[in-house]
Amino acid sequence: MAEGLPTNDAAAGSGPAGAAQAGRKLREVRIYDTLREQVVPLRPLVPPRVGMFVCGLTPYKPSHIGHARSFVFFDVVARFLRYLGYRVFYLQNSTDIDDKIIRQANEEGTDTFHVSERNFQLYLRNMEALGVRSVNLYARCTDYVPEIISQVRGLVDRGFGYAVEGGDVYFEVARFPKFGALSKQRLEAVQAGSRIEVDPRKRSPEDFALWKGAKPGEPWWESPWGQGRPGWHIEDTAITVNVLGPRYDLHGGGAELKFPHHEAEIAQAESATGLSPLASIWMHAGLLNMRGEKMSKSLGNVIPLDETLRQHNPAVLRYFLLSGLYRSPLDYVGAPSLEEAGRSFETLASPYRRLRQLWQDLSHANDLARKGPGLDGAVAERARATEERMVAALAEDFQLREATRELFNWGKEVNTLLGRTEHYSGDALSVLLAPYQFADEVLGFFPLDRTSAGPPASSGAELGPMVEIVLAARQRARSRGDFAEADRLRDELTAAGVVIEDTPKGPKWRPKGS
RNA sequence: GCCGAGGUGGCAGAAUGGUUAAUGCGACGGACUGCAGAUCCGUUUCUUGGGGGUUCGAUUCCCUCCCUCGGCUCCA
């Protein structure tokens with residue numbers, strides 16, 4: 001939210017957030033659960049708390065825009081639940097030790113910590129640029145090795161895991177009949193489709209590694225099975241059981257993780273704790289595709305997130321990533337996708353920008369309390385209704401597009417009102433701003449206060465004096481009818497990244513991309 | 001092969017067993033402007049992959065065929 005804007009009710013404790021403290025019933029949110037294959041109400045184990053875990057990334061390389069889609073979406077999930085008054089603890093892990101990181105470190109001639117930490121820090125910066133700020137704890141796998149070993153040992157003790165020669169420990173899938181329930185896969189079918197050479201030490205091909213014995217030159221930790229490191233799946237359950245408990249409310253991740261990763265999580269955690277279900281609701285975000293195909297290194301179509309954020313307004317990327325149904329694939333065709341999104345975003349943000357400017361003008365003039373024209377009661381009612389419809393859309397399995405549509409419609413109304421007069425009172429402006437503030441708080445549509453399309457531009461402060469001089473010259477040219485000169489000066493300002501708009505009250509300007 | 005998602009206007013992309021099938025982008029016309037931009041108003045285009053069925057009525061439910069994409073132990 002831009003500094004100096006009217007305070008949102010929720011933040012002030014008199015709105016929905018205050019409801020929880022007052023012990024009132026929280027608004028019900030319905031979410032599609034992959035396991036049950038239907039939209040179900042979120043019923044927190046310990047209301048109003050919501051434990052939420054989302055599978056994070058393996059930072060062996062800089063993250064790409066596909067990652068951004070999931071993490072931006074789950075950011076909205078956490079923001080929305082908090083807006084409603086749920087007290088969300090959002091946990092995300094980072095797989096900072098695994099085969100790919102080891103390989104990358106060897107290629108670079110450095111160690112795994114450097115590789116994972118460098119990419120993880122870059123990821124955090126990228127997430128910050130995208131306005132993702134709802135995660136309470138990023139848990140690194142290597143910080144939880146004792147918990148991991150303890151959980152593996154527990155599984156071995158209870159007969160779910162078995163150690164083999166070489167220091168590997170496997171989970172015996174045959175001991176967990178529900179394996180496959182989440183992805184609706186049957187084991188026989190899975191075995192038939194296996195692409196991986198079966199390790200002869202495993203009792204069954206579908207058994208997966210809980211712990212891997214260290215090979216020469218690899219990082220290792222001491223364990224009851226010798227020197228080794230965690231298998232891929234175990235860190236998530238070791239971390240969540242310790243941080244969120246044996247059961248929690250929401251588990252999120254990309255759709256491709258359903259099988260085998262999330263199946264393995266269920267098998268591990270429920271076998272280790274004896275409690276079920278591990279997560280009350282399993283959410284899966286649709287993947288981001290490149291021109292209809294998955295994004296993968298072998299196809300050579302991975303778009304680095306960092307590069308994209310340097311070339312485009314992060315707000316536009318965020319808007320684009322949130323523009324479809326979260327469970328469906330989203331197709332990215334490169335820059336044209338973001339250019340179109342940028343035009344849409346401009347339509348969306350422009351009325352907000354106008355309102356915010358008016359508010360700030362009043363604020364600077366210390367005149368917020370003045371008696372300006374108020375608002376028609378019907379307008380105020382429509383503002384409330386707009387916000388309510390946005391809430392309702394999100395409360396029914398996060399229908400982002402529905403919510404956004406409301407904001408477009410609201411923008412049209414705002415533009416019409418501002419076309420009649422701009423002299424509204426502070427109260428009236430805050431009513432008009434409310435739907436935008438909701439969108440900012442929950443959808444994060446206006447991160448870092450950047451509300452127009454395009455790459456970052458120079459700041460208004462450093463351009464200001466030059467622009468004012470040129471603009472004055474252009475006005476003189478216009479008043480003497482020398483429109484050729486006036487247009488030339490406008491072209492120069494445009495080339496310098498300044499957007500000029502003539503209004504009845506004289507020309508206005510702003511840096512492109514601000 | 002098995003599991004899953006999907007085929008809607010020029011493009012992106014929603015929705016519902018039943019008034020004119022959202023919204024955005026684009027295009028065209030009008031208002032405004034010296035011009036442009038922004039904004040407003042209006043217009044433009046889909047009968048919802050093919051076929052069959054259920055129904056008073058289906059884009060929405062069922063069957064079938066065609067096509068696309070994803071998962072099947074690296075992957076947000």
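A, B, ... follow the sequence lines: proteins, then strands. Residue 1 opens every chain. Every heavy atom of this structure was used, including side-chain atoms; hydrogens, water molecules and symmetry mates were not.
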- Compute the centroid of each ring, for A/F160 and then for A/F176, and state whether the two points are separated by less than 6.0 Å. no
- Side-chain donor/acceptor of A/D98 to base of B/C74, under 3.5 Å: no
- Using the C1' atom in both, what is the distance from B/C46 to B/A14, to the nearest Å? 14 Å
- Task: Confirm from the modelled atom types if A/R490 and B/C35 form a donor-acceptor pair under 3.5 Å, side chain to base only.
- Result: yes
- Query: How would you label the contact of A/H233 with the nucleic acid (heavy atoms, under 4.0 Å): base, sugar-phosphate, or nothing?
  - Reply: nothing
- Note on the structure: Of B/G34, B/A12, B/A36, the nucleotide closest to the side chain of A/A486 is B/G34
- Message: Under a 3.5 Å cut-off for both contacts, is B/G1 paired Watson-Crick or G-U wobble with anything, and if yes, with which nucleotide?
- Response: B/C72
- Query: If you measure from the P atom in B/A15 to the same atom in B/G9, how many Å do you get, rounded?
  - Reply: 16 Å
- Looking for any heavy atom pair under 4.0 Å, which part of the strands does A/R488 touch: base, sugar-phosphate only, or nothing? nothing
- Task: In sequence, state the C-alpha distance, the side-chain angles, and the governing distance for A/H233 and A/H262, and then conclude on ring pair (Phe, Tyr, Trp, His ring centres under 6.0 Å).
- Result: CA-CA 8 Å; A/H233 312 295; A/H262 292 163; 9.4 Å; no
- Task: Remember a base hit wins even if backbone is also touched, and classify A/F408 as base, sugar-phosphate or nothing at under 4.0 Å, heavy atoms.
- Result: sugar-phosphate
- With RNA chain B as reference, determine whether A/P260 or A/R354 sits nearer its 5' end, using the nearest nucleotide of each. A/R354
- Partner nucleotide of B/A14 by Watson-Crick or wobble geometry (both distances under 3.5 Å): none
- Would you call the rings of A/Y436 and A/F446 parallel, tilted or perpendicular if under 30° counts as parallel and over 60° as perpendicular? tilted
- Task: Look at all strands and tell whether A/K258 reaches a base, only sugar-phosphate, or nothing, counting heavy atoms closer than 4.0 Å.
- Result: nothing
- Query: Between A/Y352 and A/F445, is the gap from one ring center to the other below 6.0 Å?
  - Reply: no
- Using the C1' atom as the reference point in each nucleotide, state the distance between B/A58 and B/U48 in Å, no decimals. 11 Å
- Complement of B/G29, any strand, by Watson-Crick or G-U distances under 3.5 angstrom: B/C41
- Item | B/G6 pairs with, by Watson-Crick or G-U criteria that keep both distances under 3.5 Å | B/C67
- Donor-acceptor pair under 3.5 Å, A/R401 side chain vs B/G13 base: no
- Which one, B/G13, B/G34, B/A76, comes nearest to the side chain of A/D331? B/G13
- Does A/A68 or A/E402 map to a spot on RNA chain B nearer the 5' end, using the closest nucleotide for each? A/E402
- Could you tell me whether A/E406 and A/R401 have a side-chain N and a carboxylate O separated by less than 4.0 Å? no
- Item | Interatomic distance at P, B/A38 relative to B/G26, whole Å | 9 Å
- With rounding to whole Å, what would you report as the distance between B/G50 and B/G24 at their P atoms? 28 Å
- Query: Contact class for A/L257 vs. all strands (heavy atom < 4.0 Å): base, sugar-phosphate, or nothing?
  - Reply: sugar-phosphate
- Message: Closest approach to the side chain of A/R474, judged atom by atom: which nucleotide of B/A76, B/G71, B/C35 is it?
- Response: B/C35
- Query: Which part of the nucleic acid, if any, lies within reach of A/L348 when heavy atoms closer than 4.0 Å are counted: base, sugar-phosphate only, or nothing?
  - Reply: nothing
- Task: Starting at atom CG of A/D99, determine the distance to atom C1' of B/C74, rounded to an integer number of angstrom.
- Result: 8 Å
- Task: For A/Q38 and A/D33, test the side chains for any donor-to-acceptor distance below 3.5 angstrom and give the result as yes or no.
- Result: no
- Query: What about the rings of A/F74 and A/Y90, do their centers lie closer together than 6.0 Å?
  - Reply: no
- Query: Looking just at side-chain N and O atoms, do A/Q151 and A/T237 make a donor-acceptor pair shorter than 3.5 Å?
  - Reply: yes
- Task: Establish whether the base of B/A22 is bridged to the side chain of A/R405 by a donor-acceptor pair shorter than 3.5 Å.
- Result: yes
- Reckon A/G253 touches a base, only the sugar-phosphate, or nothing at all at heavy-atom distances under 4.0 Å? sugar-phosphate
- Task: Quick one: label A/L287 by what it contacts on the DNA or RNA (base, sugar-phosphate, nothing), any heavy atom closer than 4.0 Å.
- Result: base
- Query: Within the structure shown, what part of the strands sits under 4.0 Å from A/N415 by heavy-atom distance: base, sugar-phosphate, or nothing?
  - Reply: sugar-phosphate
- Could you check which of B/C25, B/G37, B/A76 has an atom nearest any side-chain atom of A/H64? B/A76
- For A/G481, answer base if it contacts any base atom (sugar-phosphate contacts may also be present), sugar-phosphate if it contacts only those atoms, and nothing otherwise; contact means non-hydrogen atoms under 4.0 Å. nothing
- Message: What contact category does A/R327 fall into here, base, sugar-phosphate, or nothing, at under 4.0 angstrom with non-hydrogen atoms?
- Response: nothing
- Donor-acceptor pair under 3.5 Å, A/N289 side chain vs B/G70 base: no
- Message: By the 4.0 Å heavy-atom rule, please label A/S337 as base, sugar-phosphate, or nothing.
- Response: nothing
- May I ask you to verify whether the side chain of A/E340 and the base of B/G26 hold a donor-acceptor pair under 3.5 Å? no
